[in-house]
Amino acid sequence: MTPAIDSPCRSRHSGYREFKTAVDVKVTEKHFIPLASPLGAILITVVWTVLVLASLLAQREQLNRTAAELARIAAISNLQKDITIRKWASNVEGLFIREQHVPPIDALEQEERLTAIRGNGERIPIVAVTPMHLLLAIQGMTNEATGSRERLTSKQLRNRDNSPDDWELRALSDLEDGETMIAETFPDKANGHGLMRVMIPMRMEEECLSCHRDTLVPVGGLRGAATIAVDLLTYRNAQEPTWRAIQYWHAVIWLLGVVTFMLLHFVALKRAREQARQDQVRRENEMAFAAMAEGAAITDADGTILWVNDAFCRISGYEREEAIGANPRILKSGIHEAAFYKNLWDQLISTGSWRGEIWNRRRNGEVFPEELSIQALIGPDGKPSRYISIFSDITQRKQHETELAAYREHLEELVKLRTEELTVARDQAETANRSKSAFLANMSHELRTPLNAVIGFSKLMEKDPALSPENRRSLEIINHSGRHLLTLINDVLELSKIESGKMEMRPEEVDLRELLEQVVEMMRLRADESGLDLRLECESLPSCVHLDPGMLRQVLLNLLSNAVKFTESGSIVVRATSQPTGKGAVRLAFSVRDTGIGISPEEQERIFSSFEQIGPSHRGGTGLGLTISRRYVEMMGGELAVDSHPGEGSDFHFAIEALIADGAVRAPVSHEPHLSIHLEHKVSALVLDEQKEARLLIRSILEPLGFTVHEAVTLKQARSLIANCDINLIFTGWYLSDGEGLDLIRQLSGRGSALVMVTANATEESRAAALAAGAAGFLSKPLVEADLLRLIQRLLSTNVSPTPTQPHYRPALLKEMLTTLSPAGRAQLVRAAISLNPVEIESAINTVAENEPPLAEQLLMLTRQRSYQELWEILEIEGSET
């Protein structure tokens, strides 16, 4: 719950009235949905009807325009046909027809009449018909047959029956102005369907002069026009089937819309009623719990607060509006651990109720105890739908209990005090020893864990045959640095021996020049970043000497680190010289000279004391580097000194004696040969470790060798895998979230699986404890691949041999071969490469092998070497695809 506020909670009844008003307003706002009300549904239906009718009228108008256009085209066709007949008749200068077929035209009474004699002697009277007479006859028959009105007209009339009306006069004027055709639609009052009137010009031609010389119209001039009036009824009737289909479709669409609106109205109305019902239930809950003295809250299945009573507000300090809609986590005090809440929910889910004491926080930040009871309300589906919480503030009761407990404890403390004073001295000594050991062990564990990934994966990367010389050199520096840090960690475990004189040197044959070059390269990056010139100068150095490389490396690195740290510009020179002393020994002199800030005389002795630093505090450091370096130099038989003046730089120097090793020049230290295991049967391994990097390192070593590797993070997961899978090898870490690896070793010892402890807790005590618990092997982090493979050889009785040189893949050939891959196969391969999942990648390559075996072989060379970056480049995978 939440903290109680200073002011009292609002009264019970006023709080209920305000809550009820807020709910009613909320309900009104939710229910104001157009489809949920009858008026809104009717309004939407009316709007839909108007839209459908508007679409229907638009379709009708479009059909009318189509009918008018068809009529116009037919009229023009008839007129052009008549003009063509007239021109033909003019070319033949007229025709003779039987007198009995002469049309009743007055002008034909004056035409030439002849008598034609057939071959059988029959006499036939014929009459000469001019083109005009022929055209008039054709027009008459056409008008009679089609119901159209076609005729000739002109402003220069010889026949009064062809006098132009008003429209024809306007049309003739437009033709005189250059128009080629006049067409217009008119309503026809006689039939009510409308007319389409069309006029085309008639030009004077030479063959027309014989009949029309008195018009004085020149050849090519406008002599008159042919006009036709077409009834639109026929064409509109032709559109009726289409119009009926359009009406039917619009009716169906309108009906579907209305049905849809009705369904939506029903759904919205049902939701509104359900919301009103829920609001009514909420108001009833408010009335039922409002009078309670204990705090009460109702939440849904997800824990969202639906309702709280006045007592909740009074105890927690939260207003009702703040609490409703929030999660009970707003009351969380932070005192209880996650396991407490997990157990609470587990019991609540399994039994449906929980009762106990819990500490919560009020709104003002005050933490208080309460007695809480939670009851689950089970829904029809058998799952909790609501949770009801009843609680009461038990602060005063807890205070009384605390006071009684404190008084009782005080009495017990008085008794214990006398006893404890007798064992304080002994306990302090033992505690100091245990603290020191625990500190060193914990520090070793915490440093070895990341070093396991640094050294392990750098060794795996050395196997990449496509690694450039520059990258291989950088990888060597990383490896040397990691191994040096590992050496330092081992030395830290023995630092306590320095004070007691138990610190021992470990001399060995060392290529001195190579060691110096490694030290300089390890500091090269920091020097370059600071813009400093870092140089190594060697004179007359023997090829190989006997000394402790770890101590010498640490001293030089400490001196170089200080030089880079306190030098802003200029150079740093590491100088090494040798001078024979006889009896196969040399005196080696080393110096590290810089152009930094320098050291004053009064500070030169102080800098060699523990935890002493000079210069600006932001330079960092622990103040132990020079102290340790001086002690190491002393153990090697020399003395570390410094020559420096403020602003003129510093020169740290020392000299030691060393024996010259047998032989002339020692070959550079070669990398450990890559070893491989040849499995005679399938072997399954389980890697149990909290660190993802540790699991991935062992997987990366074993999977290319044919092992099936399973991973687990907790003992629970490991036990489940062991129960369901046939596991031959088990690699377990020491510390796990739900126990220790020793527990698993004790449980499975002697049951068939080989158990190996892999831990950064690399002490002899740890090794002895693991082996005593039943472990078949013990490996310390950082993990050495050769040690791992040799241990597997011993456990599985198999062979370990150097890895044969792998054939190097050819990028150009691989890219060319990829062009033959199908789009689906390439897509599957790209998805697998992006996932970085070895199993998925190998599955995709197996699919490719079905059709492209050479391509699959080239891809396997990359994936088995874990060269995923090169695989991405070959497949042209961009960063956005991830």
Side-chain angles (χ1 to χ4, degrees), residues 31-82 141-151 165-168 170-171 174 179-200 226-273:
H31 292 177
F32 191 72
I33 303 174
L35 284 175
S37 63
L39 182 59
I42 293 174
L43 180 60
I44 292 177
T45 302
V46 170
V47 171
W48 174 248
T49 303
V50 171
L51 291 175
V52 172
L53 289 176
S55 174
L56 189 63
L57 293 177
Q59 294 288 338
R60 174 72 270 181
E61 183 61 25
Q62 179 62 35
L63 290 177
N64 289 341
R65 287 195 295 269
T66 302
E69 182 63 18
L70 291 174
R72 185 181 71 84
I73 293 172
I76 294 172
S77 176
N78 286 334
L79 291 177
Q80 290 178 343
K81 175 196 68 178
D82 293 346
M141 293 181 67
T142 302
N143 291 341
E144 208 173 358
T146 63
S148 60
R149 289 178 286 175
E150 181 180 354
R151 70 194 192 103
D165 58 20
D166 296 340
W167 180 84
E168 292 173 335
R170 291 195 304 272
D174 292 339
E179 295 290 339
T180 59
M181 181 187 67
I182 307 298
E184 191 171 352
T185 303
F186 291 92
D188 190 348
K189 296 180 180 180
N191 54 36
H193 296 290
L195 294 174
M196 168 60 69
R197 301 194 69 180
V198 181
M199 176 180 286
I200 60 175
T227 179
I228 186 172
V230 180
D231 190 355
L232 295 177
L233 176 62
T234 302
Y235 299 94
R236 289 184 176 175
N237 288 339
Q239 301 287 351
E240 281 305 311
T242 303
W243 169 240
R244 284 194 297 273
I246 291 174
Q247 288 176 316
Y248 293 153
W249 275 110
H250 277 70
V252 170
I253 292 172
W254 176 84
L255 184 60
L256 288 175
V258 171
V259 171
T260 302
F261 296 146
M262 291 177 65
L263 291 175
L264 292 176
H265 170 70
F266 176 78
V267 172
L269 185 60
K270 184 177 180 181
R271 289 185 177 179
R273 289 174 179 172

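The structure displayed is predicted, hence computed values, not measured ones. Hydrogens, waters and symmetry mates play no part in the numbers below; they use all other heavy atoms, side chains included. Numbering starts at 1 and runs along the sequence shown.
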* Set of residues satisfying side chain to side chain donor-acceptor pair (under 3.5 Å) with respect to D165, sequence neighbours excluded ->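 If we apply the side chain to side chain donor-acceptor pair (under 3.5 Å) test to D165, skipping adjacent residues, the hits are R197.
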
* **Residues which pass side chain to side chain donor-acceptor pair (under 3.5 Å) with W167, listed by chain and number, not counting sequence neighbours** =>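 By the side chain to side chain donor-acceptor pair (under 3.5 Å) rule, W167 matches E184.
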
* Tell me, which pairs form a salt bridge (charged side-chain N to carboxylate O under 4.0 Å, His left out) where one or both residues lie in residues 43-62, sequence neighbours left out? -> R60-E240, E61-R65

* **Pairwise salt bridge (charged side-chain N to carboxylate O under 4.0 Å, His left out) hits with a residue in residues 244-264, at least two apart** =>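 Every pair satisfying salt bridge (charged side-chain N to carboxylate O under 4.0 Å, His left out) with a residue in residues 244-264: there are none.
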
Kindly indicate whether the side chain of [X], heavy atoms from C-beta on, has any atom under 4.5 Å from the side chain of [Y].
X	Y	value
V198	I182	no
V267	R271	yes
W48	L43	no
M181	M199	no
T227	I200	no

* Asked: Mind checking what makes salt bridge (charged side-chain N to carboxylate O under 4.0 Å, His left out) contact with R170, not counting sequence neighbours?
  ->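 Not a single residue meets the salt bridge (charged side-chain N to carboxylate O under 4.0 Å, His left out) criterion with R170.
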
* To do: With rounding to the nearest 0.5 Å, note down the distance linking CG in L255 to OG1 in T260.
  =>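 Answer for the CG-OG1 pair, L255 versus T260, is 9.0 Å.
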
* Separation of I246 CD1 from Q62 CD (nearest 0.5 Å) ->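 So the gap between those two atoms works out to 9.0 Å.
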
* Asked: With F261, which of I44, L256, V47 fulfils side-chain contact (heavy atoms from CB on, under 4.5 Å)?
  ->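 Of the listed residues I44, L256, V47, the side-chain contact (heavy atoms from CB on, under 4.5 Å) partner of F261 is I44.
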
* Asked: With sequence neighbours left out, which residue pairs that include part of residues 246-259 fulfil the side chain to side chain donor-acceptor pair (under 3.5 Å) condition?
  ->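 Passing the test, one end in residues 246-259: T49-W254, S55-H250.
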
* Taking all non-hydrogen atoms of both residues, which atom of H265 and which atom of P38 are closest, and how far apart? ->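 Taking H265 first and P38 second, the nearest heavy atoms are CE1-N, 3.9 Å.
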
